[in-house]
Number of protein chains: 2
Amino acid sequence: MSDRARFLRSALSDSADTAVADVPLRLRTDPSALSVWLRLLECHNLILGQLRKEAAKDGTSLARFDLLANLMRRDGMTLSELSRRMLVTAGNVTGIVARSERDGLVRRTVDPLDRRLARVHLTKRGRKLIDGMTKKHARDVGALFSRVAEDDRAVLGRVLGELRDHLRNEARS
Amino acid sequence: MSDRARFLRSALSDSADTAVADVPLRLRTDPSALSVWLRLLECHNLILGQLRKEAAKDGTSLARFDLLANLMRRDGMTLSELSRRMLVTAGNVTGIVARSERDGLVRRTVDPLDRRLARVHLTKRGRKLIDGMTKKHARDVGALFSRVAEDDRAVLGRVLGELRDHLRNEARS
DNA sequence: TGCGAGTTCTTTAGGTGTAAAGCAATCGCG
DNA sequence: CGCGATTGCTTTACACCTAAAGAACTCGCA
């Protein structure tokens with residue numbers, strides 16, 4: 001899953017909803033975490049696959065979209081700022097920016113005050129592309145989640161937000 | 001992030017929990033989907049990063065682990081069966097199996113009854129590796145989810161399961 | 001029998017990701 | 001000033017992933 005598709009589907013049969021049945025009570029916590037993780041993983045991969053296809057229709061990719069969307073919010077960020085925001089390594093950002101520059105979506109300039117810094121700016125072409133994609137992207141995501149009831153979506157957002165915060169904290173320490 | 005880190009963090013500021021504040025009511029449904037998706041994405045990437053590091057300690061990777069875990073459940077699957085289970089393309093499976101075979105974890109045999117089929121079997125070394133990793137993996141996942149309350153984890157599992165089923169259905173059609 | 005169609009796997013080209021090493025510029029502190 | 005440490009970026013080597021084209025094989029049906 002790439003992003004990719006899957007992980008440990010095999011360690012726990014998880015079709016429909018039979019995952020945590022007839023398990024002694026003292027063992028319930030752990031397997032349920034595995035099952036939740038599996039489902040999260042599969043949702044992630046299915047959604048990502050759809051969004052990838054949509055991005056491909058616009059002749060672009062998710063990584064480029066992420067770059068452009070970040071620049072739309074704040075133009076002229078340095079590579080390391082982008083690396084932090086996009087949660088990928090600096091080397092990876094170098095490549096994404098290079099390909100985007102090759103395709104005329106961004107341009108790089110060296111900061112004259114600190115010549116280590118490479119700032120990235122949207123070109124007209126890049127701005128036009130991201131402007132056109134943003135609304136559609138929001139619509140697409142909305143469509144993918146449309147079958148989830150409003151209440152469930154709210155609680156999903158809350159719990160995932162908490163989980164994310166915990167994971168971020170533990171990653172730091 | 002694949003597996004990667006992010007997506008559209010920039011289209012909607014999403015720190016802590018301020019995402020859906022002061023938005024006109026008629027617009028609430030869509031942005032909330034985006035925000036939920038963002039959080040799901042970030043959880044996915046943070047967890048995947050941790051698990052990747054754990055797998056690296058055993059000298060392996062998530063893709064290989066997925067392959068081995070599937071084979072542990074049913075040895076001798078064909079590449080296309082594995083491709084379906086792992087939710088990746090057939091070409092990708094070819095590569096993962098090739099590298100795992102190179103490292104002595106699996107071996108491939110041609111089915112004599114239908115010589116198009118390549119069946120993949122665990123070697124002793126592969127079986128030993130996956131046996132040793134499975135428990136630790138479950139523990140690691142449990143630790144990552146340990147801060148989520150039992151009730152929240154249950155509802156998270158339920159909603160993600162429903163979402164996954166909807167996504168699978170719509171992907172088919 | 002034989003041939004077209006479908007299935008299974010591999011190959012190719014290219015993007016995305018990591019870790020680790022290397023290079024260049026700046027900073028900090030004596 | 002000067003030099004070691006740090007920071008920012010690139011490069012390298014490799015794994016992973018997709019889409020699309022191609023090769024090998026089987027099957028169905030005339």
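A, B, ... follow the sequence lines: proteins, then strands. Residue 1 opens every chain. Note: hydrogens, waters and symmetry copies are ignored here, and every other heavy atom, side chains too, is used.
Nearest to the side chain of A:T94, among C:dG15, D:dC9, D:dA19, sits D:dC9. Checking D:dC16, C:dC9, D:dT10 against every side-chain atom of A:L79, the shortest atom distance belongs to D:dT10.
Between B:R153 and B:E150 there is a salt bridge, since at least one side-chain N of the basic residue sits less than 4.0 Å from a carboxylate O of the acidic one. Note on A:R107 versus A:E101: no salt bridge recorded, every NZ/NE/NH1/NH2 to OD/OE distance being 4.0 Å or above. In summary, A:K57 and A:E54 engage in a salt bridge, as defined by a charged side-chain N under 4.0 Å from a carboxylate O. Using a 4.0 Å cut-off between charged nitrogen and carboxylate oxygen, B:D165 and B:R168 count as a salt-bridge pair. Under a 4.0 Å N-O distance rule, the pair A:D140/A:K136 qualifies as a salt bridge.
Nucleic acid contact for A:S83: none, since no nucleic acid atom lies under 4.0 Å from a heavy atom of the residue. Using a 4.0 Å heavy-atom cutoff across all strands shown, A:S80 reaches sugar-phosphate atoms only and no base atom.
We find that CD of B:E81 is positioned 15 Å from P of C:dT7, with the value rounded to whole Å. A:H44 has its NE2 atom 15 Å from the P atom of C:dT16, to the nearest Å. Rounded to whole angstrom, the span from the CZ atom of B:R64 across to the P atom of D:dA15 amounts to 7 Å. The CZ-P distance, from A:R99 to C:dA13, rounds to 17 Å in whole Å. The CG atom of B:L48 sits 18 Å away from the P atom of D:dA15 (whole-angstrom rounding). Rounded to whole Å, atom P of D:dC16 lies 11 Å from atom CG of B:D66. At whole-Å resolution of the value, CG in A:N92 and P in D:dC16 are 16 Å apart. Taking atom CD1 of B:I96 as the reference point, atom P of C:dC9 lies 14 Å away to the nearest angstrom.
Residues forming a side chain to side chain donor-acceptor pair (under 3.5 Å) with B:E162 (at least two apart in sequence, or on another chain): B:R158.
Close to C:dT10, at under 4.0 Å from its OP1 or OP2, lies a side-chain N or O of B:R108. Dashed line: the shortest gap from a side-chain N or O of B:R52 to OP1 or OP2 of C:dT18 is not under 4.0 Å.
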Item to check | side chain to side chain donor-acceptor pair (under 3.5 Å) between B:D66 and B:N70, worked out | outcome: CA-CA 6 Å; B:D66 195 22; B:N70 272 286; 3.2 Å; yes

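A heavy atom lying under 4.0 Å from DNA chain C marks the following residues of residues 111-124 of chain B, by number: B:R116, B:L117, B:A118.
Take the nearest nucleotide of DNA chain D for B:D103 and for B:A90: the residue whose nucleotide is more 5' is B:D103.
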